[in-house]
2 protein chains.
Amino acid sequence: MDKLRAIEWFVRLADLGSFTLVAEHAHTSKSMISKEISRLEQTLGVRLLHRTTRNLRLTQAGEGYLPRARQILNQLSEADNFAQQLQQTPKGRLKVNVPMALGITDLGPMFAEFMQHYPEIELDVHLSDGDIDLVEQGFDLGLRASSQALDSNYVGRPLTHFSYHICAAADYFDHHPAIIKPSDLRQHNCFEYSYFRSKNTWPIDDGVVINGTLRANSVLFMLAAIRAGHGLGMVPDFLCRDELKTGELIQVLPQAKKPQLTLYAMYPARHFVPARVLQCIEFLQQKFNH
Amino acid sequence: MDKLRAIEWFVRLADLGSFTLVAEHAHTSKSMISKEISRLEQTLGVRLLHRTTRNLRLTQAGEGYLPRARQILNQLSEADNFAQQLQQTPKGRLKVNVPMALGITDLGPMFAEFMQHYPEIELDVHLSDGDIDLVEQGFDLGLRASSQALDSNYVGRPLTHFSYHICAAADYFDHHPAIIKPSDLRQHNCFEYSYFRSKNTWPIDDGVVINGTLRANSVLFMLAAIRAGHGLGMVPDFLCRDELKTGELIQVLPQAKKPQLTLYAMYPARHFVPARVLQCIEFLQQKFNH
DNA sequence: CCTATTGTTCACAAATAGGAAACAGAAATG
DNA sequence: CATTTCTGTTTCCTATTTGTGAACAATAGG
């Protein structure tokens, strides 16, 4: 039995509450989890989980074992990080969370180059936009665009700044009235981005309540609708700069006060940060500053 | 790789300073140790030990990894003890250190009976008399006869008391002068026990300096010499009570002031004491009090 | 009452562990 | 200086263990 792995799985089991989920998460079969947990229980001589077919709950022993197991795993990764910090060439798995749109446009090529520089680092990139817990999901690094303060559980380093543009297709205004002042937007089909904190209010000047026929959780998807001339969207500059240059898209209200977005590289605040994480951040910083 | 075991071996390696010794200690081959440590170093990406053929020393990484490894192992055994404490029937390995002579005479039958009562407990009995570090050697329980205070790292529970007798063979005095007062001993062949703190001084009244032609680190061996009529020895009562009863041995200076020995059951002071340890102590207490 | 989904068990294929011996390097020995 | 005698590493082979997918038993929900 690999006791450490058994303990890891036990902790996951307590968190997720299902053998099947843990098996998926650990890329193995549920029979494996079952056997390993049973073996752990056997060596301890105590049942850690009370299992009925549809429900899992910790036994008294499991209840007490769980926090200790957590601490052991934490200290182990702390020790590993310490050791790896002293090594020369960064290697190992680097699990990164990246915003969907930015990941596809700008970060894709950057990470490709990063891989070339550090061939010993095994990249595990997850594209997603929702607010997820980096630690819980086991991310070493997360890139997040934010206009507000950061969670103090993480260390955040600003990489670059973005601004928003309100865009429409060039031919959109052939059939729609012009937009002179922010309140004109209310007469138009303004798309809503699901992950905006202020759902149907665009943060222009004092805020403009908009409404439209599209709501999407992907700016890329929204961009397609804008290019098709179906309405207006508020998109970050890195997504529309090419189209604005070619004239395919037109910016509206360029002088209006729009929020500045900062892209942060965030990593869990720990005693020893793996070299590969710091190297990656530095690499990105250099790329963005160039 | 069994990472936990690798860490254990690494700690042992740092303590003992030799692959060969660790291999013996762990009941495995040195190739195993070598391979496992190498694998650990590989996953960490750092060399933990700098090895030359005749000398081992920790690298900078190893120096920092060692205390963390120690802590992890401690917390793990703490967690295991916690879990096992909640279990009903005690089981698992119980490694006991027992004084040589007492182990052979009185404790042998007691432990035999103990095994019968708790068939799930796997006994690992080490007979030895020297002062050894229970924790370092991995003992769960140590039985020690002592007349003085105990190390505060351990919890000690008194089991029973012993007294010393000065004995000689019955026919010894056919050819040697009688002994009336303690100072008469100086004219006799008095055997010396290696582990006595006051080497060649017997703790009778104010202490009597003795000399003789035998020095041994085994009271049993000494007893054989006494029975053969070669001289006198100071032996604990449990070793000579049968011979005194049959008259084979004769006690000398019975009214002299001799030290009282207390037999302690000692176990490492930890947060959670395994059930099997407590059960064993209770069993022995009962046996001695009966 | 049936279906869907859970965790456990089983049997077999694949991978791994473990040990003996050969090996290579360095210190002590004469 | 050659030799002996330790050290830790490597190699190779077998026995053990691991991991998987399918069948299984058990339970909650429709």
Side-chain angles (χ1 to χ4, degrees), chain A residues 1-63 65-66 69 83 93 122, chain B residues 1-63 65-66 69 83 92-93 122 124:
Chain A
M1 177 193 56
D2 186 338
K3 187 166 182 174
L4 257 183
R5 190 183 51 175
I7 292 180
E8 272 170 35
W9 288 351
F10 164 66
V11 170
R12 281 259 177 78
L13 208 37
D15 288 340
L16 302 178
S18 148
F19 279 65
T20 313
L21 279 182
V22 173
E24 282 175 26
H25 207 106
H27 303 292
T28 182
S29 59
K30 52 183 182 164
S31 48
M32 205 57 245
I33 311 284
S34 173
K35 269 201 281 192
E36 203 74 337
I37 296 291
S38 297
R39 278 191 278 238
L40 176 60
E41 290 176 326
Q42 204 172 351
T43 64
L44 292 178
V46 189
R47 228 163 161 54
L48 294 172
L49 298 149
H50 206 279
R51 11 207 201 279
T52 65
T53 33
R54 240 1 167 199
N55 207 8
L56 278 187
R57 66 172 188 281
L58 291 166
T59 61
Q60 192 193 350
E63 205 82 58
Y65 202 71
L66 181 60
R93 183 161 62 245
E122 188 186 331
Chain B
M1 176 194 56
D2 186 337
K3 186 165 181 172
L4 259 181
R5 189 184 51 175
I7 291 179
E8 273 171 35
W9 288 350
F10 164 66
V11 171
R12 281 258 179 78
L13 208 37
D15 289 341
L16 302 179
S18 148
F19 279 65
T20 313
L21 280 181
V22 173
E24 281 174 27
H25 206 108
H27 302 293
T28 182
S29 60
K30 53 184 182 163
S31 52
M32 205 57 244
I33 311 283
S34 172
K35 273 197 275 193
E36 204 73 338
I37 296 290
S38 297
R39 279 192 277 238
L40 176 61
E41 291 177 324
Q42 204 172 351
T43 64
L44 292 179
V46 189
R47 222 156 166 57
L48 294 173
L49 299 150
H50 204 281
R51 8 209 201 284
T52 65
T53 34
R54 232 15 159 194
N55 207 7
L56 277 187
R57 68 172 184 279
L58 291 167
T59 62
Q60 193 192 353
E63 204 82 58
Y65 201 72
L66 180 60
R93 183 163 61 247
E122 186 187 331
D124 184 359

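Just the heavy atoms: all of them, side chains too, but no hydrogens, waters or symmetry mates, feed the values below.
Contact of the A:Leu58 side chain with the A:His50 side chain is not registered, since no non-hydrogen atoms from C-beta on lie closer than 4.5 Å. Using a 4.5 Å heavy-atom cutoff, the side chains of B:Val46 and B:Tyr65 are not in contact. In this structure the side chain of A:Leu40 reaches within 4.5 angstrom of the side chain of A:Lys3, judged on heavy atoms. The shortest distance between side-chain heavy atoms of B:Thr43 and B:Met1 falls below 4.5 Å. Put simply, the side chain of A:Leu49 does not reach to within 4.5 Å of the side chain of A:Thr59, judged on heavy atoms.
The phosphate of C:dA26 has neither OP1 nor OP2 within less than 4.0 Å of any side-chain N or O from B:Arg51. Here A:Arg39 does not reach the OP1 or OP2 of D:dT17: none of its side-chain N or O atoms lies under 4.0 Å away. Under 4.0 angstrom from either OP1 or OP2 of C:dG18 there lies no side-chain N or O belonging to B:Thr28. The side chain of B:Arg5 contributes an N or O atom lying less than 4.0 Å from OP1 or OP2 of C:dG18.
Not a single donor-acceptor pair under 3.5 Å links the side chain of A:Thr28 to the backbone N or O of A:Ala23.
If you measure from atom CG of B:Leu13 to atom C1' of D:dT7, you get 12 Å, rounded to the nearest angstrom. For B:Gln42 and D:dT10, the CD to P distance is 11 Å, given to the nearest whole Å. For the pair A:Met1 CE and C:dT16 P, the computed distance is 19 Å after rounding to whole Å.
Backbone-only engagement by B:Thr20 is indicated by non-hydrogen atom pairs under 4.0 Å involving sugar-phosphate atoms exclusively.
Going from atom CG of B:Leu4 over to atom CD1 of A:Ile7 covers 6.5 Å, rounded to the nearest 0.5 Å.
Checking D:dT20, C:dA17, D:dG8 against every side-chain atom of B:Met32, the shortest atom distance belongs to C:dA17. The side chain of A:Lys30 has C:dT6 as its nearest neighbour among C:dT6, C:dG19, D:dT9.
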Stepwise salt bridge (Lys or Arg N to Asp or Glu O under 4.0 Å) check, A:Arg51 with A:Glu41: CA-CA 13 Å; A:Arg51 11 207 201 279; A:Glu41 290 176 326; 2.9 Å; yes
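When the C1' atoms of four end pairs are superposed on the next four at each end of the helix from C:dC1-D:dG30 to C:dG30-D:dC1, using five pairs per end, the two resulting axes differ in direction by 30°, to 10°.
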Report each atom pair, protein N/O against N/O of nucleotides 11-14 of chain C, whose distance is under 3.5 angstrom.
none

Less than 3.5 Å apart, which donor and acceptor atoms pair up between the side chains of residues 30-39 of chain B and the rest of the protein, not counting sequence neighbours?
from    : atom 1 : to      : atom 2 : distance (Å)
B:Ser31 : OG     : B:Ser29 : OG     : 3.1
B:Glu36 : OE1    : B:Arg39 : NE     : 3.1
B:Glu36 : OE1    : B:Arg39 : NH2    : 2.8
B:Glu36 : OE2    : B:Asp2  : N      : 3.0
B:Glu36 : OE2    : B:Arg5  : NH2    : 2.8
B:Ser38 : OG     : B:Ser34 : O      : 2.9

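Checked by distance alone, A:Ser31 brings a side-chain donor or acceptor within 3.5 Å of a matching partner on the base of D:dG21.
Where A:Glu36 and B:Gly17 each meet DNA chain D at their nearest nucleotide, the meeting point lying more 5' is that of B:Gly17.
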